Amino acid sequence: MPLSVRVDRGSPTSGAGIVHVTLDGSLDSTTAPALERELAAALEGDVRALVLDLQRLVFLSSAGVRVIAATRKTLAARGGKVLMINMQPPVAKVFEIIKALPELLAFKDIQELDDYLAAMQRKVREGG
Amino acid sequence: MKDLASCRVLIVDDVKTNVDLLVNALRGDYQLSVALDGESALRIARATQPDLVLLDIMMPGIDGYEVCRRLKADATTRDTPVVFLSALEETQSKTRGFELGAADYITKPFEMLEVKARVRALLRAKAYQEAARELLLSELRIAHEIQMSVVPHDFTPWAADGRLDVFARLKPARDIGGDLYDVFALDRRRVAVAIGDVSGKGIPASLLMMMTTTLVRSLLRLSGQPGTVLAAVNEELAADNPSCMFVTLFCGVLDLDTGVLTYASGGHLPPVHINRRARLVEFESTGTAVGLLPDITFNHGQVRLVPGDTLLLYTDGVTESFDAAGTCFGDERLLTLLTSELPATAEATVEAVLEGVGRFARGVDQADDIAMLALRFHGAVTAEKTLALHATGSDVARALDVLRAFGVENHVDGETIGNLAVALDEILSNVVRHGYKDDPAGVIGIALRCRADVVTIAVRDRAPAWDPKAIPAPAFDRPLEDRPEGGMGVPLVRSLVDTVEYARRGNENHVLLTKRRAAI
C-alpha cells in the first residue's frame, strides 16, 4: 500500500510559518524514507509548525514514528512544533505502545487545533 | 565441618576480673568477643554472629535472662547456644535459665577446666548440627533438580507445530513435592497429558511422584488408553502400600485432528475447560484415587475441544492457597480469573493463575505443591499462503499487501490483520536493514497461516543470527530523540501480537508471530 503526501502552504489553518501536510495510505518502512525527504523540503525556510493531517493514514509502523520524531526534533531546534490531527485508532495504538504522544501534540480535529493555535497566538500577543 | 578454632565465643560479664579469667583461658582455642553489659552483648551478637555465648546473669541494666530471651527471639541468633555463668545456685535460677533456652548452666566459682570442656562439647555439637543441615539442604537442592528434570519444560516444539499451544509449571511448596504433570506426543496425531497429586508433601511424596510419573509415561506410550493406564498404575501402587499413600491422577489423550480428548480421572480435580468466548464448559470427572485399593476399573470420558478452547489441568495447591486471614483461594476465584478475561496463550494462562494466587496469598507461604498444565487448541491450518521475497523495500511492501489480501479472503477481522501488518513490517525491515544490510540478494521466506482461532506468520531468512527476545526493552520513558535507534520495532511487535517465537535453525533465523483473531 503506497503513501500519498500532499503539502499545502496556503490552507485555511495555515498562518505564517505553518505547513499543512496530509498523509494518505500506509506509513511503513517502505514509504517512510520518501516522506522524510518531502518533509525536509517542506520545512525549509522559516517554518515554525507542521500540521499533519492523519485522517486517511491507515497504517503506521515504527519507521514512520521515527520520521515524525525526527521532524519534531528539527522543528524544536527552531522553537517549532509538530501538530497532528484526525488520528485514527490503529495509528493511535502504535503511538500509545511506543509512548510517543506526550511529546507529539495530537488534536482530535481541525477545530481543536484552531482553538489551540488561537490560544497560543493570544498568549504571544499578551506576552509581547 | 567447621573448624573449632574458627568458632567465636562471646563473653558477657560486668565484672572485669571474671572477663579476664575467661579470656585468658579461651584465648588460645577460639575467637573471642567481650561485652560488659546486656545491651552491648545483644549488639555484638547481632553484628558478629558468635557460635556460643557465655552469659552472666546479674548485671546492671538488662540482666542475663533478658539477654537470653532476646537472643532466642531473634532469628539470626536463635540457634546460638547460650551458657549461663552465675553465682546463683538455686535450682529455680537454673531452671529459669534452661526454660529461656539456655544450653548449659555453670555456677560460680567455676573450675576453668570444666568450663573449657563444656564449651568445647557444645561447639562440637553445634558444628555437627550445621554440617548435617547443610548436607540435607544440598541433597534437597539436587533432588529438586532431578525432580524438575522428569517433567517436560521445553514447549517450543509445540509452538513450531502450531496445532496445540502448551505450557506447564511445577512449583513445590518445599524443595521437592508430590505434584506431577506430563505432556508428550504419542504420534503425529495424538498427545498424551497427565496431572497428578501425591498425598502428603516433601520427601515421601516426591518418591511416589517420581514413580508415578515414570509409570504413567511408560504405560501411556504402551497403551494410549487413559483408563487402562490408571488401572495399571493403581495395581502397581496398591500392591504393596503399607503407608496408604495415594495419588489423584488425571490422564488424557488428545486427538489433534478431531479435538477429542479421551480421559480417565482417579479422583483428580476436573480440568477447567473454557471456550474462546471465555465461557466455562462443564467437565465430568469420575473414579477413585489411585493406589488405595486393588482391582479398580476406571471409566473413560470424552470431551471435544473446539479450536480456540483452553484446558487448564491443575492441582489443589492452586485452589487451596490461603491468605493471611485463612481464606481459601477456591474454585470461584479461579474461574472468575479465567473467564473475566481469558489469557491469549497457554503460558499467559498459567502465569495469570500463579500471579492471581500470589496476589491473593500476599506473602503467606505457599502451603501445598502447585502443578498446572495449560493447553490451547488451535487445530488444523484452514488457509495458507507462502511467498518468497528479496531484501528490498518494494518486496516488503508487497508482503504487507499479500497479508492484507490474505486477511480479507479468510474473513480475519481488520484489527487483527492491521496489528499483524505493523508487526510484519517491523520484522521485515529489521531483516532487510540490520540482517542483510540492504543487500537485495538476501532472501526471505514467509508463510501466512490461518487456524480457526489464530493467524500466524512465519518468517525465515539467512541473515546472521539475531534474537528479538534478546533485544532490551526500549527507553520508552526517554524523549523520542534520546532513544536508541531501531529499538522501538521489536517491543512494538511484542505488544501487537500474542507470541513471538525465535529460533536459529542451521543457518536460518525463524520468527513465528501468533495473534488470536476475533471470533466469527
Side-chain angles (χ1 to χ4, degrees), chain A residues 1-4 24-37 39 50 52 54 56-78 80-84 87-106, chain B residues 389-405 407-408 413-435 438 444 471 473-497:
Chain A
M1 196 189 292
L3 176 73
S4 78
D24 184 340
S26 170
L27 178 48
D28 51 39
S29 63
T30 316
T31 56
L35 175 67
E36 190 159 25
R37 283 192 300 274
L39 286 181
L50 168 69
L52 279 178
L54 307 182
R56 302 174 71 87
L57 184 71
V58 297
F59 183 96
L60 174 73
S61 69
S62 68
V65 176
R66 247 175 250 125
V67 171
I68 296 173
T71 307
R72 188 202 77 91
K73 193 181 176 186
T74 309
L75 280 177
R78 50 174 110 140
K81 286 186 169 73
V82 172
L83 309 152
M84 299 188 290
M87 191 184 290
Q88 300 303 301
V91 169
K93 181 174 179 179
V94 170
F95 275 117
E96 271 162 30
I97 294 170
I98 294 182
K99 296 195 174 68
L101 285 179
E103 292 162 61
L104 297 165
L105 299 165
Chain B
L389 311 178
H390 284 282
T392 65
S394 58
D395 270 16
V396 171
R398 182 164 67 89
L400 297 192
D401 288 339
V402 170
L403 171 64
R404 291 183 183 111
V408 172
D413 57 291
E415 192 184 341
T416 299
I417 287 296
N419 289 339
L420 278 169
V422 176
L424 183 60
D425 188 51
E426 302 297 343
I427 297 288
L428 292 180
S429 57
N430 259 334
V431 172
V432 171
R433 190 161 314 132
H434 303 295
D438 289 303
I444 304 170
I471 294 174
F476 277 163
D477 50 340
R478 301 229 296 262
L480 283 170
E481 55 261 32
D482 293 350
R483 298 182 189 174
E485 215 256 317
M488 284 188 286
V490 172
L492 189 57
V493 172
R494 280 193 212 127
S495 305
L496 290 170
V497 303

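Owing to the predicted nature of the structure, the values given are computational and were not obtained by experimental measurement. Every chain is numbered from 1, with letters handed out A, B, ... down the list of sequences.
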| request: Could you tell me whether a side-chain N or O of A:Thr30 sits under 3.5 Å from a main-chain N or O of B:Gly393, the two making a donor and an acceptor? | output: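 Checked: pair present.
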| task | Can you establish whether the number of heavy atoms outside A:Arg56 located under 6.0 Å from its atom CZ is more than 12? | result | no
| Heavy atoms from other residues, nucleotides or ligands near CD of A:Gln88 exceed 12 (cutoff 6.0 Å) |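 Check passes, neighbour count above 12.
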So which atom in [X] and which in [Y] form the shortest heavy-atom distance, rounded to 0.1 Å?
| X | Y | result |
| --- | --- | --- |
| A:Arg66 | B:Gly489 | NH2-N, 4.5 Å |
| A:Ser29 | B:Val396 | OG-CG1, 3.8 Å |
| B:Ser495 | A:Ile97 | OG-CG2, 3.2 Å |

| field | Side chain proximity check, B:Asn419 to A:Lys93, heavy atoms < 4.5 angstrom | value | yes
| request: Go through the atoms of A:Val94 and report whether side chain, backbone, both or neither lie under 4.5 Å from a heavy atom of chain B. | output: both
| field | Set of residues satisfying side-chain contact (heavy atoms from CB on, under 4.5 Å) with respect to A:Ser26, sequence neighbours excluded | value |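 Per chain and number, A:Ser26 pairs via side-chain contact (heavy atoms from CB on, under 4.5 Å) with A:Met1, A:Asp28, A:Phe59, B:Arg404.
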| With B:Ala423 via side-chain contact (heavy atoms from CB on, under 4.5 Å) - residues at least two apart | B:Val493, B:Val497, B:Leu513
| field | Portion of B:Thr392 that has a non-hydrogen atom of chain A nearer than 4.5 angstrom | value | neither
| request: Go through the atoms of B:Asp425 and report whether side chain, backbone, both or neither lie under 4.5 Å from a heavy atom of chain A. | output: both
| Approximate separation, where rounding is to 0.5 Å, of A:Ser61 OG and B:Leu428 CG |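 Here the interatomic distance stands at 10.5 Å.
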